[in-house]
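Everything numeric here is computed off the predicted structure, so don't read it as measured data. Keep in mind that the numbers below use all heavy atoms, side chains included, and drop hydrogens, waters and symmetry copies.
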Amino acid sequence: MKNLKIIMLSCLALVFITSCEKTEVESQEFNTNEELLENSKNQAKITMKDGTQISFYKVNDGDLQGVFLMEETDCGECSPLNAISNLVEKELSEQEIFWALSEPGTAIPEFLEIPKQKASNIQAQGWGRNAIKNLSPAVYQAATVACNNNSFTSSIAYGFIGTPEFIRLDKTPDNYNSFINDCADLGVWGCEKGPRYRYTATFSNIKRWKGKICSKAVQNSSNNHYMKYFCDSSVPCETYVGPELYFEYKSNGVWKTMKNTFGGAPAGFEVPANSTKVYTYSWRTSSNTSFRLRVKYAMGKDQFDFMMDKQSAGES
């Protein structure tokens, strides 16, 4: 499927762009070697045994320095970030989170190394993985089909900054007019099987940003996400293009995606057909800027919950 997306990007006959990268998560036994390969100088990823992924993206953009933390799971109640924070009763740093949830022996990227003065006071690498195993189902539940409003709003990226300023629940493009019809920008086949919609929510002049999105891609004959494109000069093909989620910050007047801060094609998170994905994120910086979440390629019956929390530049 990834190759199909690359072909779509290179096809001059289309003016719409789809993501080059899939984020489907399969439940599988953890493989330390795979985790070592995924970690690099500027990003790292931890995969839990239930398929939950915790990603760390280094942001090094002038005055904007830090680590963007993203948790991807398929339910609203199975958050390792919230689980380990509840255990220690405090908000952990990104470095402490990587240490707690990575397998013992996993190489630690330089940007996630714990300062030496703190290293002697912490538990062994991977302590959080073992601790989560002992939690009761009420605290750390197995995956569910979709998000419950109460559980969705009960937590956000291992702790609220204050009272969430932005909550939108049970929204679809069909029932929420803040979704904008995007067919004019998607080319000849972009809306062949029904309208496509985009959505944006922005926080301006802040230095701390947390959020959460629950998205379900409803795939059926009346909400069909498959798009046509040309395999070659004459033969049309189809590929799945689900709703894509973007987390972005503004730098020098330009919006950049947290997932790909070093240039190239914008990178989003695509929701697989008839799947529910929950994305929880956190970012902090000493310099205030603007942040936004975006949705692209949504269809009328796709389902969304949104929640954002912030700390303004002047707040402590």
Side-chain angles (χ1 to χ4, degrees), residues 2 5-6 9 19-26 28 30-49 51-74 79-81 84 91-115 125-126 128-129 157-158 208-213 244-251 254-271 277-287 289 291-294:
K2 183 176 179 181
K5 289 295 182 67
I6 294 173
L9 284 170
S19 171
C20 296
E21 182 172 348
K22 289 287 189 175
T23 57
E24 295 184 21
V25 179
E26 297 179 358
Q28 57 186 3
F30 188 85
N31 187 314
T32 303
N33 291 329
E34 289 181 1
E35 182 171 302
L36 288 170
L37 290 172
E38 288 175 336
N39 297 338
S40 69
K41 181 179 179 180
N42 298 312
Q43 66 181 54
K45 182 181 293 184
I46 294 172
T47 302
M48 307 298 289
K49 287 185 177 180
T52 295
Q53 292 187 342
I54 300 127
S55 300
F56 305 77
Y57 300 97
K58 180 181 178 181
V59 178
N60 182 5
D61 193 344
D63 291 336
L64 297 176
Q65 303 282 330
V67 178
F68 183 68
L69 177 66
M70 168 72 72
E71 179 183 70
E72 176 185 355
T73 182
D74 56 3
S79 168
L81 294 181
I84 62 172
E91 183 178 41
L92 299 172
S93 69
E94 292 78 13
Q95 291 77 15
E96 290 171 322
I97 290 169
F98 187 87
W99 180 260
L101 295 179
S102 57
E103 283 274 25
T106 299
I108 302 175
E110 183 177 351
F111 75 98
L112 290 173
E113 290 180 348
I114 296 176
Q125 185 178 15
R129 300 176 77 96
Y158 59 95
R208 199 140 183 237
W209 184 46
K210 292 187 177 186
K212 195 172 184 180
I213 298 178
E244 291 185 357
L245 312 176
Y246 293 76
F247 307 88
E248 300 173 325
Y249 70 99
K250 201 169 190 178
S251 174
V254 178
W255 286 104
K256 299 182 179 181
T257 174
M258 291 288 191
K259 193 178 181 184
N260 186 12
T261 62
F262 298 94
F269 297 82
E270 184 182 54
V271 182
K277 291 293 181 183
V278 182
Y279 298 90
T280 304
Y281 61 88
S282 177
W283 163 257
R284 73 185 87 199
T285 179
S286 59
S287 299
T289 187
F291 298 93
R292 72 180 184 184
L293 59 84
R294 286 196 301 137

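Counting only heavy atoms from C-beta outward, the side chains of Leu245 and Leu293 never approach each other to under 4.5 Å.
With sequence neighbours left out, the side chain to side chain contact (heavy atoms under 4.5 Å, CB included) criterion links Ser251 to Asp61, Leu64, Tyr249, Lys256. With sequence neighbours excluded, the residues satisfying side chain to side chain contact (heavy atoms under 4.5 Å, CB included) with Gln65 are Asn60. Under the ring-ring contact (aromatic ring centres under 6.0 Å, His included) criterion, Phe247 pairs with Phe269, Tyr281, sequence neighbours left out. Listed by chain and number, the residues in a salt bridge (charged side-chain N to carboxylate O under 4.0 Å, His left out) with Lys212 amount to none (sequence neighbours excluded). With sequence neighbours excluded, no residue forms a side-chain hydrogen bond (donor to acceptor under 3.5 Å, both in side chains) with Thr280.
Between Ser55 and Glu72, the side chains place no donor N or O within less than 3.5 Å of an acceptor N or O (distance only, hydrogens not considered).
Ring pair Phe68/Phe56: centre-to-centre distance not below 6.0 Å.
Using a 4.0 Å cut-off between charged side-chain N and carboxylate O, Glu91 and Arg208 make a salt bridge. Contact check on Glu103 versus Lys49 returns no salt bridge, with no Lys/Arg side-chain nitrogen under 4.0 Å from an Asp/Glu carboxylate oxygen.
Between the CH2 atom of Trp255 and the OG1 atom of Thr289 there is a distance of 7.0 Å, given to the nearest 0.5 Å.
The main-chain N or O of Phe111 is found under 3.5 Å from a side-chain atom of Gln95 such that the two form a donor-acceptor pair.
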